[in-house]
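Chain letters run A, B, ... following the sequence lines, proteins first, then strands; residues in each count from 1.
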Amino acid sequence: MTKIISIHSFRGGTGKSNTTANLAAVMAGMGKRVGVVDTDIQSPGIHVILGLDESAMKHSLNDYLWEKCSIEETAHDVTANVGGGVPGKIFLIPSSLKPGEITRILREGYDPSLLNEGFRSLIKNLELDALLIDTHPGVNEETLLSIAISDAVLIILRPDQQDYLGTGVTVELARRLKVENLFLLVNKAPASLDMIQLKKKVEDAYKRPVAGIIPHSDEMMLLASMGVFAVKYPEHAISQLYKQIAELLLSIRDKS
Amino acid sequence: MSLRSRMLLFTSLLLAGAVLVTASVLTWNARQSMLDDERESGQILARVLAHTSYIVEDFPAEMEGAIADQMVTEATIAAHFVAAAEKAGWSADEINAHLKQIVATTTLSEFWITDSNGHAYLRNQDGIDFTFSSDAAKNPQSAVFYQLITGKEKVIIQAAAKRDYDGKSFKYVGVGGVDEPRIVQVGYEASLLDALRERVSMDRLSQELVAGGDIRAIRVVDASYKTTVFQSAAGLSPDISDSELAVIKDVLVKGQGQSYLDGNFLKVIEPIRGIDANGPTSGAVILYLPTDRLQAAIQRQVTQAVAAALAILLIGVVMSSIMAHTITQPLTAFRRAAASVQTGSYQPGLLADVLLRRDELGALGRVFDQMARDVGARDRRFNLLRVIIPIGVALSAEKDFSRLLETIVVEAQRITNADAGSLYLRTDDNMLKFVIVRNETLNVALGGTTGREVTLQPIPLFDEQGNPDNSHLASYSALSGKRVVLEDAYATTEFDLSGTRAFDAQTGYHSKSFLTMPLKDASDNVIGVLQLINAKDPITKEVVPFQDDEVLDSLVLITTAALSAYIREETLRTEINKLRIEIDQSKQNKQVDEIAESDYFKNLQAQAEEMKKRRKS
């Protein structure tokens, strides 16, 4: 059964897009067909990490929401761009990078139900094993929608007080939207921190499982958003951690 | 005047004085000795002359006396011969023939034998018919012989004299007749006596001696101080000076020779005596000996002595200069070393040459060196107590991180007398970030409490490939954990000092000596790098290389401890903050409610389940 997984963080800069790209890559590495939807319409960015050049972008999510094209036409196969000769597939549904189109969709809005329809269509027509939704930070309508329709939600947070508060809000909203599989991922944890203690503290605070704690990595910082870390350094401990998280997310049981 | 100059002057004067005194004594002694020699020779000669003068006076007379005695005998024999011949009846011609034969074969020259009337009928000369007369006016030379006829005299001896009529020198002796009154006179040509008189005379002797050149003049005076002989080289007055006369009188009265220097002469005066050496004096011989040779000899000696003195003085000056140098050089080293001890920065290198010496100065140097080291060690201990510990105490309580960083650089500069200093801290992304930059000459102070940010680019510890970048001094020090001391940064090719060069070019500064040391925490992790530039000699202010300094090491140790404690405390505080998850429930609830109460959310809540189901159907 196809898994819809929303990746969310309450504040920006948590490494949300990076985590999404890495999870997509390791899933493709497992032979899965993975769709990645950039719903961060206001500040799209994951296309950079997945190596999709703006000039190669034929249609965007914006075109689909304005009913200019079908959702499938917006899907770009970026498997080769990610590299590493993965057996699966990665399709990216990017948001428009054109400033005019960004402001238009923010001004005019769109029909959120179209988004849900699009997801269904994608899963069906591209025969996806997983659909990863890279959400906009904070809580807006499409984010709430994504969370609501997801089989699993992964909330990324950094270990600081502002993220702790925001994450609490998302967790509570997800609970009310009856999201069953909600995981927390602590990112950019200083290496000096006691990881086990941190994990326990976070789980105690939110009563939700922590899928992993990713320590701050110099190599990752260097790589920045120039590529997918898990592909470049497949043996790295962090890449292994991504793989575990991917397996965890793919293994969630379907309630119905 | 410096010690060295005084020593030089003193030694030289001493040497010159010694040489001159010695030369004077030697010259004076030589002069006296030469004078004594001259005087002695003069005295001997004068004595010989005095004695000779006596002999020269008497000898010809004695000689003539002896000849006269012989002539009396011959005349007497002739008288007896004539008497016998007459009696035998020989004719006058026969007798004269015999007389001629005698004259021809003996030294006798003439016979004049008269009759009782004085007619010299017997004679060896044919041509002259002579008759003796008693009239002295008529025959002034022969008249005296007439007394032999009268019987008034039996023998008459006449001194040799020149004959009036032919000028020949003759001596005549006559005796009375044996058989009848007559004059029997024999004549002897006295040229031998004349020659003797001529040769054996004081005048002649004196002349020859003076002509020899060793004696300038000879004077002979008689008992009444009258000059009898005076022979001299040209230009001397024959008159006796008053002073000379006084000495001559003294010599004659005392009978003792004397000599004295008078102008250019050494005058030697000896009394003249007879055969008896203790007999009365009859005059004096005065020798005028020239002193010019003596003076020339003395002049020569003085010249030689002065030349020797100058040579010794020169050698002495050179030697004493060398000696003074060998003594004063160590003294200069001692002075500098003492000054460096005074300023608390004793450098053993200052006495390196002295310490190698084996003499007393070397021994003194070693004692001084040990003492200076002891003083230095004591100073360092004192510094540790007085400087480092208070700094450490102050820093451990310092809550202001900027001030902490600044203090490290300021105190390190003070201890090493460094003109400039920088402090780098290692950042999480492996860069060395400038946090403090200070330069006294340029009056630059950035970072710390100054409020002015350091804008210099941080130095990466790794290159883009992740390899260690050891090209910079600071990065090498941080990566290796070693300190680096550079005597002259511009002379090194080991490190990339382009940043320093650019800084120098921009500011006109000259960065020369460097000390770069890592700051290590208790776990030996390098947390930063301290760089000090241009250590200055406290006295000369010249830029010198950095020396090992226990005080600096202690400062770095203690400040790094304070720094790492601060950083650890900060990290801990941050970590505690990160681990503490305090969720303001009311705030969270408020935010949740704002969203949850919106129509959209309520709608979504209602539709969510439906949407999921629809998708999965």
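- Counting heavy-atom pairs closer than 4.5 Å to chain B, the top residue among A/Leu145, A/Leu198, A/Val202 is A/Leu145.
- Looking at A/Ile123, the atoms closer than 4.5 Å to chain B (heavy atoms on both sides) all sit in the side chain, from C-beta outward.
- Residues B/Phe495 and B/His472 place their aromatic rings such that the two centres sit no closer than 6.0 Å.
- Contact of A/Glu141 with chain B is made through backbone and side chain together, with heavy-atom distances under 4.5 Å.
- In this view, B/Asn525 and B/Asp521, B/Ser523 satisfy the side chain to side chain contact (heavy atoms under 4.5 Å, CB included) rule, not counting sequence neighbours.
- For chain B, the nearby part of A/Ser150 is the backbone; its heavy atoms alone come within less than 4.5 Å.
- Side-chain atoms of A/Thr2 do not come within 3.5 Å of backbone N or O of A/Ala130 as any donor-acceptor pair.
- Residue-environment remark: CG (A/Asp111) exceeds the threshold of 12 foreign heavy atoms within 6.0 Å.
- Proximity to chain A is absent for every atom of B/Asn589, based on heavy atoms less than 4.5 angstrom apart.
- A/Glu142 and A/Asn140 share a donor-acceptor pair across their side chains, judged by distance under 3.5 Å alone.
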